[in-house]
Every structure is written in C-alpha cells, then in structure tokens.
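Data block below; observations after.
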Amino acid sequence: MKLLRSFVAVLFALFAVTGMAATPIKVVYHINNSDAATGALNNIRNHLNASPGAKIVVVTHGPGIDFLLDGAKNANGNPYDIPVQELADRGVEFRVCKNTLDARKLDKSKLLPEAKIVPSGVAEVARLQAEEGFVYLKP
C-alpha cells in the first residue's frame with residue numbers, strides 16, 4: 001500500500017510539472033509612447049529568444065501607435081516595418097487603440113498590415129490581464 005501511494009504521488013508530481021511546462025507564458029507589452037518602441041521591440045526579440053513558446057501581445061495607444069504607422073522610422077532613420085514583420089512572423093500580435101485613431105483622425109489604412117485594431121488600448125491591456133492571465137510589461 002505504501003508503494004502504491006508513493007507511485008501515485010510521483011504520477012501527480014509528473015502531471016503537475018508537465019502541465020506547467022505546457023502552459024505558455026502570456027505577456028502583454030504596453031506601449032503608450034513610440035520613443036520606447038525600439039527598446040520594446042528589442043526586449044520582445046530577446047524575450048522570444050529566451051522563451052520561444054511565449055505568447056506576446058503588444059498593445060499601443062496614444063503616441064505609442066506611431067511606430068505602427070506606415071513609413072514610421074526610429075531615431076536612427078531605420079523603418080519599423082521590418083522588425084514588426086519579423087516579430088509578427090514569430091507570433092507576436094500588435095494591437096492599436098481605435099480611440100486613438102479616431103481622436104487623431106487616422107484611417108486604418110495608415111497602419112502596418114500586422115496591426116489589429118481594438119476598441120480601446122487601455123481596456124485591452126486590462127482585459128488581457130484580467131480575463132486571459134497575461135503578465136504586464138511596460139518597457
């Protein structure tokens with residue numbers, strides 16, 4: 001009987017460990033200022049290199065959407081479209097606040113194709129945390 005209990009305990013431990021390993025880490029990167037975009041994209045690249053199975057969503061609003069506008073360039077004059085596309089190809093999702101687009105009178109055609117519009121950037125950050133268990137990072 002003692003051997004059976006030990007065996008069952010080991011099975012539970014194995015299921016617990018494999019269950020935790022199978023759950024990907026979910027992270028929302030919150031960008032409300034495009035001055036932080038280059039650093040954030042580098043952080044995300046490093047994050048995926050260290051944890052390839054991570055589920056990463058970037059939520060932008062206010063001036064934070066600017067790096068997702070067609071033709072946007074960083075301080076060194078490098079376009080953002082290439083690193084955004086590379087990260088999207090690795091499964092990163094980019095979400096843009098519709099309230100910001102409306103307030104700034106920007107048409108959705110001005111966005112990079114990788115960007116998805118959500119009703120509210122801040123509401124999306126809160127929803128991802130509260131309803132989907134995402135960890136919050138602010139680069």
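Computed from a predicted structure; not experimentally measured.
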Apply side-chain contact (heavy atoms from CB on, under 4.5 Å) to the pair V28 and V135, showing each step before the final yes or no.
-> CA-CA 6 Å; V28 55; V135 174; over 6 Å; no

Dump the intermediate steps for side-chain contact (heavy atoms from CB on, under 4.5 Å) on D89 and Q85, then the final yes or no.
-> CA-CA 6 Å; D89 289 345; Q85 181 182 9; 4.0 Å; yes

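Residue pairs meeting the salt bridge (Lys or Arg N to Asp or Glu O under 4.0 Å) criterion with at least one partner in residues 27-55, sequence neighbours excluded, are K55-E93.
When the side chains of ILVMFWY residues are joined at heavy-atom separations under 4.5 Å, either directly or via intervening members, F134 and L137 end up in two distinct hydrophobic clusters. Note on L128: it does not cluster hydrophobically with V122, by side-chain heavy-atom contacts below 4.5 Å among ILVMFWY residues. Taken together through direct or relayed side-chain contacts under 4.5 Å among Ile, Leu, Val, Met, Phe, Trp and Tyr, I56 and Y136 form parts of separate hydrophobic clusters. Put simply, V118 and Y29 are part of two different groups of oily side chains (I, L, V, M, F, W, Y) that touch within less than 4.5 Å, one to the next.
R90 contributes atom CZ, which lies 10.5 Å from atom CD1 of I44 (distance to the nearest 0.5 angstrom). Rounded to the nearest 0.5 angstrom, E124 CD and H30 NE2 are separated by 11.0 Å. The line from CZ of R104 to SG of C97 is 10.5 Å long, rounded to the nearest 0.5 Å. How far CG of L106 is from OG1 of T100: 9.0 Å, rounded to the nearest 0.5 Å. We find the CG-NE2 distance between N32 and H61 to be 4.5 Å, quoted to the nearest 0.5 Å. For the atom pair T60 OG1 and N33 CG, the distance stands at 11.5 Å (nearest 0.5 Å).
Surrounding NZ of K98 are at most 12 heavy atoms belonging to other residues, nucleotides or ligands under 6.0 Å away. Heavy atoms from other residues, nucleotides or ligands lying under 6.0 Å from CD1 of I25 number 12 at most. K73 NZ: 12 or fewer foreign heavy atoms inside a 6.0 Å radius.
Across every non-hydrogen atom of S120 and A123, the tightest pair is OG-N, 3.2 Å. Heavy atoms only, all atoms of each residue included: S34 and G64 are closest at OG-O, 3.2 Å.
Evaluated for a side-chain contact (heavy atoms from CB on, under 4.5 Å) with F94, the options V58, V59, I31, V57 yield exactly one hit, V58. If you run side-chain contact (heavy atoms from CB on, under 4.5 Å) between L41 and each of V92, N46, L87, only L87 comes through.
The side chain to side chain contact (heavy atoms under 4.5 Å, CB included) search around A72 returns Y80, not counting sequence neighbours. Residues forming a side chain to side chain contact (heavy atoms under 4.5 Å, CB included) with N76 (at least two apart in sequence, or on another chain): N74, N78.
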